[in-house]
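Just below is one structure, and these are the notes that go with it.
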Amino acid sequence: MTAETISLSLYLSAPEIILAIGALLLLMIGVFSGERSGPLVSALAMIVIAISGLWLIAVPGDGLAYGGVYLADGFARFMKVLALIGSLVALFMSMGHARENQLDKFEFPVLLVLCTLGIMLMISANDLIALYLGLELQSLAIYVIAAINRNSLKSTEAGLKYFVLGALSSGMLLYGMSLVYGFTGHTHFAEVAQALTVEGARSLGLVFGLVFILAGIAFKISAVPFHMWTPDVYEGAPTPVTAFLASAPKVAAMAMMTRIVITAFQPVLTDWQQVIVFISIASMLLGSFAAIGQKNIKRLMAYSSIGHMGYALVGLAAGNQTGVTGVMLYMAIYMVMTLGSFAIIMSMRRKDGTVVENVSDLAGLSTTNPFMAVVLTALMFSLAGIPPLAGFFAKYFVFVAAIEAKLYALAVIGVLASVVGAYYYLRVIKLMWFDEATGDFARVSGSLCLVFGLSGLFVAAYVLIGGPIGGAAELAAATLF
């Protein structure tokens, strides 16, 4: 590499470099300032993430870096901005409840910044090895923050489950990558695609490799049948950590799956399309039916998340530009709805400081806290896909893409699963508005009120503000085709 290509590479990867240097500096500040530096390091971590995001928006650059293993384009930029917003909001929400959740240690914001760095590298990966390195950097940080509350048995169990199953999924992913390399002789996405266009290049071993790669990534988005960790980890991890898990890493994993199938495996579309369709249908159905009997609100959100990943995969299964645009919009809207919902879940705290997590604890919320009840009603209706809220448009775009690709059965199953899923969202609304209050919640902190207020405003006003977001997603999706 010449000095010119090195400087270009550094310029294109500047947002990641900002996060990497920032994480190292924050670690030094934490170590030398002692145990009580948690709030300071958290505030500085938010500034580092914000600077990375502003650079991404203000100084856009397109091109290949580091010998072609890193790709900066419109698609990566859109998904990175989403992921950075998710990380920033999750860290912002955690600051108010750091002490109660044992997150007041300086290691937590440092690990979250490193996790965000891994997420950014995953989204820009243009090579199987680069993808794996980004994925592992993200995963190792999440294993630790899921179990960071060492005084809680549930938190420790959540971290252990995520680690064991995560190691299994990483092994499957690596095995799939080794098969793809063995049968094509390449790890770069463009070169893999070129090798697959050669007549007779498609072999049984290559299809097995593709399936193993998709299985490894399906674990990260908690799609069926690799969803087993989700309810336990969502329930056991501290709620701010769960809010983070449900947002930025999901965006990154979906971006990674989209890029790998559209860029590297486009020539074998019929092979991966069948796998995606199966995973999508299974996730939608399980997410709809398994959530019905849930009593814990975090477990309910876990099954809701599984279902929503299934809906997002409907757009990916289409394999066209409309489908990819639908996936990007779906992830943006899903992330806002999820962060808003978790801000309200974090506000479920009695006046004596007791944290409550049962769905039944929301009974009569409309009389004790009308503003929170109105926002949660809007978010639940949006998650159910009721028009004219944002969630309706998210589902509409992915179903339109499926119909364009003549995947009529998939679209019909998706609509039917939405109808079933609406039941458990409506049950929450019924509890809030028609049942007697069982108790009053403590005063909601300003940070959480701001997050769920803005989230509710977004889903309600999406019909007015959705045009520019849809236009940006369309332009970004076009860079993959």
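If you're wondering where the values come from, they're calculated on a predicted model, not measured in any experiment.
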Legend entry - Donor-acceptor contact below 3.5 Å, side chain Ser87 vs main chain Leu84: no
Inset, instruction - Check whether any side-chain heavy atom of Ile119 lies under 4.5 Å from a side-chain heavy atom of Pro249, and answer yes or no. - result: yes
Inset, instruction - Please determine if Lys80 and Glu16 form a salt bridge, counting it only when a charged side-chain N lies under 4.0 Å from a carboxylate O. - result: yes
Inset, instruction - For Gly134 and Leu121, work out which heavy atoms get closest and say how close. - result: CA-CB, 4.0 Å
Inset, instruction - Using modelled atom types only, decide if a donor and an acceptor are shared between the side chain of Ser170 and the backbone of Gly166 within a distance under 3.5 Å. - result: yes
Legend entry - Donor-acceptor contact below 3.5 Å, side chain Ser283 vs main chain Gly310: no
Legend entry - Pairwise side-chain contact, Ser455 with Val375, heavy-atom cut-off 4.5 Å (strictly under): no
Inset, instruction - Give a yes or no answer on whether the side chain of Thr367 reaches the backbone of Gly364 with a donor-acceptor pair at less than 3.5 Å. - result: yes
Legend entry - Atom pair CG (Leu457) and OH (Tyr462), whose distance is rounded to the nearest 0.5 Å: 14.5 Å
Inset, instruction - I would like to know whether Phe458 and Ile465 meet side chain to side chain contact (heavy atoms under 4.5 Å, CB included); could you show each step before the answer? - result: CA-CA 8 Å; Phe458 177 87; Ile465 62 169; 3.8 Å; yes
Inset, instruction - Might you work through the side chain to side chain donor-acceptor pair (under 3.5 Å) test for His308 and Tyr330, ending with a clear yes or no? - result: CA-CA 9 Å; His308 281 287; Tyr330 202 103; 2.7 Å; yes
Legend entry - Test item: Arg350 side-chain N/O and Val356 main-chain N/O as donor-acceptor pair under 3.5 Å: no
Legend entry - Donor-acceptor contact below 3.5 Å, side chain Ser366 vs main chain Met432: yes
Legend entry - Expected output: side-chain Trp229 to main-chain Phe219 donor-acceptor under 3.5 Å: yes
Inset, instruction - Could you give me the CA-CA distance, side-chain angles and deciding distance for Ile148 and Ser155, then say whether side chain to side chain contact (heavy atoms under 4.5 Å, CB included) is met? - result: CA-CA 7 Å; Ile148 200 160; Ser155 179; 5.5 Å; no
Inset, instruction - Output the distance between atom CE (Met257) and atom CG (Leu131), rounded to the nearest 0.5 Å. - result: 11.0 Å
Inset, instruction - Please lay out, stage by stage, how Met256 and Ile213 fare under the test side chain to side chain contact (heavy atoms under 4.5 Å, CB included). - result: CA-CA 11 Å; Met256 183 169 76; Ile213 287 173; over 6 Å; no
Inset, instruction - Could you tell me which non-hydrogen atom of Ser382 sits nearest to which non-hydrogen atom of Gly391, and how far apart they are? - result: OG-N, 2.9 Å
Legend entry - Chi angles and distances behind the side chain to side chain contact (heavy atoms under 4.5 Å, CB included) call for Met328, Val324: CA-CA 6 Å; Met328 294 168 76; Val324 172; 4.1 Å; yes
Inset, instruction - Could you tell me the separation between the CE atom of Met254 and the CE atom of Met122, rounded to the nearest 0.5 Å? - result: 11.0 Å
Inset, instruction - Mark yes or no for whether Thr230, through its side chain, and His227, through its backbone, hold a donor-acceptor pair below 3.5 Å. - result: yes
Inset, instruction - Compare all side-chain heavy atoms of Ile51 with those of Ile47 and state whether any distance is below 4.5 angstrom. - result: yes
Legend entry - Non-hydrogen side-chain atoms of Phe244 and Cys115 separated by less than 4.5 Å: yes
Inset, instruction - Could you tell me whether the side chain of Lys298 and the main chain of Ala237 form a donor-acceptor pair under 3.5 Å? - result: yes
Legend entry - Phe371/Phe452 aromatic ring centres below 6.0 Å: yes
Legend entry - Over 12 foreign heavy atoms within 6.0 Å of CG, Leu464: yes
Legend entry - Pairwise distance OG(Ser222) to CD1(Ile306) - rounded to 0.5 angstrom: 5.5 Å
Inset, instruction - Assess whether side chain to side chain donor-acceptor pair (under 3.5 Å) is satisfied between Glu404 and Thr322, documenting all intermediate values. - result: CA-CA 8 Å; Glu404 262 187 38; Thr322 311; 3.2 Å; yes
Legend entry - Parallel, tilted or perpendicular: rings of Tyr162 and Tyr143 (30°, 60°): perpendicular
Legend entry - Minimal non-hydrogen separation, Ala246 against Thr338, with atom names: CB-CG2, 3.5 Å
Inset, instruction - Heavy atoms only: give me the nearest Leu214-Trp272 pair and the separation to one decimal. - result: CD1-CB, 4.0 Å
Inset, instruction - Tell me yes or no: between the side chains of Ser360 and Lys295, is some donor less than 3.5 Å from an acceptor? - result: no
Inset, instruction - Could you check if a side-chain atom of Val48 sits within less than 4.5 angstrom of a side-chain atom of Leu19, using non-hydrogen atoms only? - result: yes
Inset, instruction - Please answer whether the main-chain N or O of Ile276 pairs with a side-chain N or O of Ser280 as donor and acceptor at a distance below 3.5 Å. - result: no
Inset, instruction - Determine, step by step, whether Ser305 and Tyr334 satisfy the side chain to side chain donor-acceptor pair (under 3.5 Å) criterion, reporting the C-alpha distance in whole Å, the side-chain angles of both residues, the deciding distance to 0.1 Å, and the verdict. - result: CA-CA 9 Å; Ser305 168; Tyr334 161 79; 3.1 Å; yes
Inset, instruction - Side-chain contact test, heavy atoms from C-beta onward, threshold under 4.5 Å: evaluate it for Phe108 versus Val144 and give yes or no. - result: no
Inset, instruction - Taking the side chain as every heavy atom from C-beta outward, state whether Met95 and Ser42 have any pair of such atoms under 4.5 Å apart. - result: yes
Legend entry - Residue pair Leu91 / Met46: nearest heavy atoms and the distance that separates them: CD2-CG, 3.6 Å
Legend entry - For Arg299, salt bridge (charged side-chain N to carboxylate O under 4.0 Å, His left out) partners two or more places apart: Asp232, Glu235
Legend entry - From OG (Ser304) to CE (Met309), nearest 0.5 Å: 9.0 Å
Legend entry - Leu285 side chain near Val420 side chain, heavy-atom distance below 4.5 Å: no
Legend entry - Residues Asp435, Arg427; criterion salt bridge (Lys or Arg N to Asp or Glu O under 4.0 Å); working and verdict: CA-CA 11 Å; Asp435 285 23; Arg427 181 164 65 98; over 6 Å; no
Inset, instruction - May I ask you to check whether Tyr425 and Phe381 place their ring centres under 6.0 Å from each other? - result: no
Legend entry - Phe278 to Pro225 - nearest heavy-atom pair and separation: CE2-CD, 4.4 Å
Inset, instruction - Working to the nearest 0.5 Å, report the span between OG of Ser169 and CE of Met172. - result: 8.0 Å
